[in-house]
Structure formats: C-alpha cells, structure tokens
Protein chains: 2
Amino acid sequence: MSVPLYQAKAEFFKTLGHPARIRILELLSERDHAVHELLAAIAIEPSSLSQQLAVLRRTSMVVSRRDNGEVVYSVSVPEVRDLLAAARQILSGIIAAQGDLEDELSSMSAAR
Amino acid sequence: MSVPLYQAKAEFFKTLGHPARIRILELLSERDHAVHELLAAIAIEPSSLSQQLAVLRRTSMVVSRRDNGEVVYSVSVPEVRDLLAAARQILSGIIAAQGDLEDELSSMSAAR
DNA sequence: TCAGGACTTGAAGAAGTGTGCAATTCATGT
DNA sequence: ACATGAATTGCACACTTCTTCAAGTCCTGA
C-alpha cells in the first residue's frame with residue numbers, strides 16, 4: 001500500500017472528527033436524506049454543510065444521487081452504524097468514569 | 001450534558017485522528033508498554049511521543065503508572081480494540097471498493 | 001546530595017482546518 | 001431561452017494542531 005495503514009486509519013478517524021459530520025452520518029445511518037433535509041436538521045450554513053458533505057464524499061463514506069431536483073445522500077458503508085455504536089459505548093464508559101472521579105473528589109473535599 | 005453528545009463524539013474521534021496516536025493505541029491494546037518501548041516501536045521524537053501520550057491521557061483513553069524508573073502506559077478502555085477493529089473493517093471495505101473502481105477505469109481506458 | 005536517565009512541558013513557527021460570503025453550476029418548470 | 005430553487009465551489013480570514021528545540025521535573029542509584 002502506498003499510504004501506511006495506520007496513516008489511512010488516522011485520516012479515516014479525522015473525517016469523523018467534526019460535529020456536523022457526525023450528525024450527518026447519524027442521520028444518514030437512519031435513512032437517506034436530501035440535502036435540504038439535513039440542512040433543516042442541522043443548524044449550519046448551507047455552504048458549510050456542502051463542505052462537510054464533500055469531505056465525507058471524498059473519503060467514500062457517503063454517496064449522493066440526484067433525485068427530482070434534490071440531491072439525496074446515503075451512507076455507502078453500512079458498518080458505519082457499528083462504528084458509531086462502538087464509539088458511543090466507549091464514550092459513555094469514559095464519561096461514567098469521569099463522573100465517578102468527580103464524585104470522589106467532591107466527597108474528599110467534603111470529608112477534609 | 002454541558003457539551004452536546006455529537007460534539008463529544010467528534011472530539012473523541014479527533015483524538016484518534018493522528019497516525020502516532022493510532023499506533024500507540026494499537027500497541028497498547030496488545031499489552032502495556034513503557035514509554036521507551038513505544039519510542040522504539042514508533043519512529044518519532046521523544047517529545048512528540050510525549051505530546052501524543054498527553055492527548056490520549058487528557059481524553060482518558062490511556063493511563064500511566066511509574067514502575068521501576070520507567071513510565072508504563074495502558075489503555076483504560078478495553079473496547080478500544082473493538083473500535084479499531086470496526087475501523088479496520090470499514091476501511092478495508094472502502095479500499096477494496098476503490099480498488100474495484102480503479103480496475104474498472106483502467107479496463108475502460110484499455111478498451112477504448 | 002549529586003549525576004544521569006527517562007519523560008514531560010513550554011513555546012514558536014509551519015501547516016492544516018473550518019466558516020461564511022459571494023459567485024457559480026445544474027436541472028426544472030414556464 | 002430564462003428564471004428559480006437547490007447545491008456546490010472559491011476564497012480569505014480566524015483558529016487549531018503539529019513538530020521541534022530548549023528547558024524543566026522526577027526518580028534512583030552512587
């Protein structure tokens with residue numbers, strides 16, 4: 001491979017590293033959406049949405065088709081849903097752990 | 001939650017969006033490693049390694065302990081391995097698809 | 001208590017990203 | 001052929017993130 005695998009992985013995760021792109025993928029993993037639907041669901045400038053869609057298109061994570069005067073997007077890799085679920089899992093674990101830590105700290109300062 | 005969930009997710013993926021951090025997590029998901037072991041495995045400046053370890057520490061994805069004059073790191077969330085596996089899966093799917101596309105293109109240009 | 005190794009931190013410049021405005025493309029309906 | 005609505009693209013500016021060098025910190029063994 002020309003690009004080392006770990007670098008390809010990093011680039012892949014980078015494309016997920018933006019709130020709008022996460023929301024787009026979450027919406028698209030439920031069902032296909034037209035751009036104006038995404039626009040209504042995500043509070044963002046149209047041009048900014050387009051930019052983020054372009055990023056996702058470049059990495060082949062979504063594809064678009066024109067349908068009756070509107071552009072409809074869909075996820076091209078169904079496993080994206082699994083990935084988002086795995087992330088949710090890990091994230092909730094981390095957040096719970098941080099919550100515990102905060103509890104501990106506050107009980108410490110309460111105790112002494 | 002103070003930070004919207006989709007933003008927390010984006011930040012989470014951002015921390016994965018760097019080749020050195022991916023390699024660190026892959027190495028650590030096999031077994032704990034001391035910093036000098038990571039250093040030997042990853043071609044990178046010591047200070048740069050430290051920076052990346054700090055990023056992973058800040059997001060609670062790894063923890064460090066001092067052991068006999070060396071600092072040993074370990075992943076704090078075992079599910080990280082699943083996540084990396086899911087990413088590998090998706091990535092290989094995308095790469096395979098791109099390979100097919102290239103095959104198609106080259107056979108087209110060969111044909112005409 | 002000092003020396004040395006193992007790491008970490010600070011900071012500055014280079015490089016890469018995101019945002020919003022204006023201009024453009026594209027396909028439809030008239 | 002043209003006007004329109006729907007999306008996209010080109011840019012410039014602000015903001016982040018990386019990388020490296022220099023300067024610490026923190027054990028541990030002499």
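Convention: sequence-line order gives letters A, B, ...; per-chain numbering from 1.
- The two residues Leu27(A) and Ala41(A) come nearest to each other via the heavy atoms CD1-CB, 3.8 Å.
- Using a 4.5 Å cut-off on side-chain heavy atoms (C-beta onward), Leu38(B) and Leu28(B) make contact.
- Evaluation of the side-chain hydrogen bond (donor to acceptor under 3.5 Å, both in side chains) rule for Arg65(A) yields Asp32(A) as partners, not counting sequence neighbours.
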Audit row: His18(A), Gln51(A), side chain to side chain contact (heavy atoms under 4.5 Å, CB included) steps and yes/no: CA-CA 12 Å; His18(A) 188 288; Gln51(A) 300 278 9; over 6 Å; no

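- Contacts between residues 68-77 of chain B and DNA chain D, defined by a heavy-atom separation under 4.0 Å, are made by Gly69(B).
- The nearest heavy atom of DNA chain D to Lys14(A) and to Arg66(A) marks one nucleotide each, and the one closer to the 5' end goes with Arg66(A).
- Of the possible polar contacts, none joining the Arg23(B) side chain to the Tyr6(A) backbone as a donor-acceptor pair under 3.5 Å is found.
- The backbone N or O of Lys14(A) lies less than 3.5 Å from a partner atom in the side chain of Arg21(A), making a donor-acceptor pair.
- Within the 4.5 Å cutoff, side-chain heavy atoms of Glu11(A) are placed close to those of Gln7(A).
- Within residues 17-32 of chain A, the residues approached by DNA chain C to less than 4.0 Å at the level of any non-hydrogen atom are His18(A), Arg21(A), in residue-number order.
- Atoms OG1 and CD1, from Thr15(B) and Ile22(B) in turn, are 8.5 Å apart once rounded to the nearest 0.5 Å.
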Test side chain to side chain contact (heavy atoms under 4.5 Å, CB included) applied to Phe12(B) and Leu83(B), step by step: CA-CA 12 Å; Phe12(B) 173 75; Leu83(B) 190 79; 3.8 Å; yes

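- Each of Glu37(B), Arg57(B), His33(B) was checked for a side-chain hydrogen bond (donor to acceptor under 3.5 Å, both in side chains) with Tyr73(B), and the lone residue meeting it is Arg57(B).
- Within 6.0 Å of the CG atom in Asp67(A), the count of heavy atoms belonging to other residues, nucleotides or ligands exceeds 12.
- Boundaries of the chain B contact region on DNA chain D are dC18(D) to dT28(D), first to last in 5' to 3' order (nucleotide atom under 4.0 Å from a heavy atom).
- Residues Val63(A) and Ser74(A) meet the side-chain proximity criterion, which asks for heavy atoms closer than 4.5 Å.
- When DNA chain C is scanned 5' to 3' for any atom under 4.0 Å from a heavy atom of chain A, the first and last hits are dG18(C) to dA27(C).
- Non-hydrogen atoms lying under 4.0 Å from DNA chain C are contributed by Glu45(A), Ser47(A), Ser48(A), Gln51(A), Gln52(A), all within residues 40-58 of chain A.
- The two residues Ile94(A) and Ser60(B) have their closest heavy-atom pair at CG2-CB, 3.9 Å.
- At least one side-chain heavy atom of Val55(B) sits less than 4.5 Å from a side-chain heavy atom of Gln52(B).
- Between the Ser76(A) side chain and the Met61(A) main chain, a donor and an acceptor come within less than 3.5 Å of each other.
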